[in-house]
Amino acid sequence: MKRRISLIISVFTLTIMFTGCYNYPGEKGTAFDQMVSISQWNVHYDASEYSTYYMPDGIYIMKDKNDKKYVDRTESDMVDALLLTIDKNMSTYGYTKVTDTLLADLRIAPSYIDKTYVSAYYPYGYYDPYWGYYYSYPYYTPVYYTSYSVGALLFEVGEISGKDFNIEFRGSIRMLLGEASNTTSQVKSCVNECFKQAPILNKN
Amino acid sequence: MKRLILILLITLSIGVVKAQEEVELKSPARMPSNFDSQFHSTKKGVKQYYTIAWSIGFPTSDFGGHSNVVPYISNTSCAGGLLAGQAFVLDNKLGLGVSIGWNNFYQSNPRTVYNGVDGDNGMAITGAAYAYMSTTPIKFLLSYAFAPNSPIFNPYFTLGMGASYMTQHLMFQDIDVWTDNWGFVVSPEIGTYIRFGKNAMWGANIGFGYNYCTNQFRLTDNINANNIQYLNLNIGLTIMVN
């Protein structure tokens with residue numbers, strides 16, 4: 001009996017020594033607590049050089065390189081809310097929306113990418129559903145992407161130069177997979193956070 | 001002949017003393033109360049202490065964060081351990097040894113804006129973060145034992161110096177912003193060994209120490225530090241051998 005008690009105490013102590021009482025990301029909190037708003041931008045971006053932008057009326061939802069689906073804003077309240085919020089923020093920052101891609105200084109590419117696609121192709125470069133394959137500008141960051149069950153809602157602001165899409169700003173929202181987990185208002189809040197974090201976009 | 005008798009006497013006396021030691025050690029109940037101190041005071045040689053301990057870490061600040069604005073870690077950590085070995089010389093008063101320890105600090109922080117995530121490049125993150133920092137100090141130990149021949153308690157003071165390896169993480173879902181670094185560590189500690197019975201080989205060890213590490217790191221604009229300081233409470237098991 002004494003030996004068994006000693007064994008239990010030893011195992012318990014060793015467990016605490018090595019692991020403590022950890023919580024890991026995604027283990028607790030509400031769906032909104034699990035959402036992360038990330039902004040990345042070109043520090044040499046000069047807002048005074050750009051005044052118009054074009055954005056499509058829908059987003060691509062990509063599960064992997066060969067499985068992508070275009071969802072129009074009329075088909076999904078979530079997509080509509082996302083595009084409306086991007087428009088509102090761009091307008092607040094002093095940009096004008098145009099419907100002709102050739103007249104636009106900037107183009108916005110919104111998309112939803114699931115974890116498989118993210119881990120395989122992001123952030124080194126990936127196939128863009130609008131303008132073909134391109135490499136984004138390099139990020140020399142201490143940031144690494146691991147494999148959790150989350151998706152990424154991306155909206156990238158950039159300009160076309162030949163076959164390249166030069167990204168000036170990337171808003172990225174990490175969210176739990178499955179649209180039911182994230183409400184429209186939460187997505188709107190995160191889009192607003194992405195713009196707020198990057199005052200460099202502001203023309204005013 | 002005289003020489004032969006002398007050799008026999010010496011051999012016998014050594015044998016008697018050895019036998020007496022063995023009998024006395026096997027039957028401690030028969031020992032006189034002051035036998036242990038007499039025995040140890042005349043015993044020459046090195047006594048070795050090997051300790052395995054559970055280490056609880058207490059941050060003295062927010063480890064480079066700003067608790068009220070952009071918090072990092074200020075929570076006590078129960079995830080830690082220590083392995084130490086020391087040899088005591090000079091009547092078992094002076095100890096020399098080495099130790100390796102680890103403490104894993106963590107804290108779940110509420111949704112906060114983290115600016116300057118990528119240094120000179122433009123990057124900011126808003127989210128609930130899981131903050132995590134691990135420390136691994138590897139130290140040379142210099143100890144002074146206040147009562148090395150005491151049958152039960154042996155309080156001590158230790159000064160540890162060495163290298164400290166640390167990793168700092170800020171995790172947002174699948175994104176891990178992290179860095180690692182080496183530094184120099186100085187850690188004074190007071191504590192005591194408590195034998196499980198008079199002259200028992202096994203005992204407990206309780207120590208309380210302060211760690212000053214020169215590790216420098218930067219995770220974001222508001223989470224960075226030029227040094228790391230924390231306190232330790234070590235509770236462990238020690239085997240004391242000659």
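In what follows, chains are A, B, ... by sequence order, proteins preceding strands, each numbered from 1. Side chains included, hydrogens not; waters and symmetry mates left out as well; all remaining heavy atoms used.
The neighbour count for Lys203(A) NZ, taken as heavy atoms of other residues, nucleotides or ligands under 6.0 Å away, is above 12. The neighbour count for Lys69(A) NZ, taken as heavy atoms of other residues, nucleotides or ligands under 6.0 Å away, does not exceed 12. Remark: Ile190(B) CD1 is loosely packed, at most 12 non-hydrogen atoms of other residues, nucleotides or ligands lying under 6.0 Å away. Heavy atoms from other residues, nucleotides or ligands lying under 6.0 Å from CZ of Phe184(B) number more than 12.
Annotation: the span from Thr126(B) atom OG1 to Asn192(A) atom CG amounts to 11.0 Å, rounded to 0.5 Å. Remark: Phe172(B) CZ to Ser37(A) OG distance equals 10.5 Å, nearest 0.5 Å. Interatomic distance, CE of Met123(B) versus CZ of Arg170(A), reported as 9.5 Å (0.5 Å rounding). In this structure, CD on Gln197(A) lies 8.0 Å from CD1 on Ile125(B), to the nearest 0.5 angstrom.
The two residues Met35(A) and Arg111(B) make their nearest non-hydrogen contact at O-NH1, 2.6 Å.
Pairs passing the ring-ring contact (aromatic ring centres under 6.0 Å, His included) check and including a residue from residues 223-242 of chain B, sequence neighbours excluded, read Phe105(B)-Tyr230(B).
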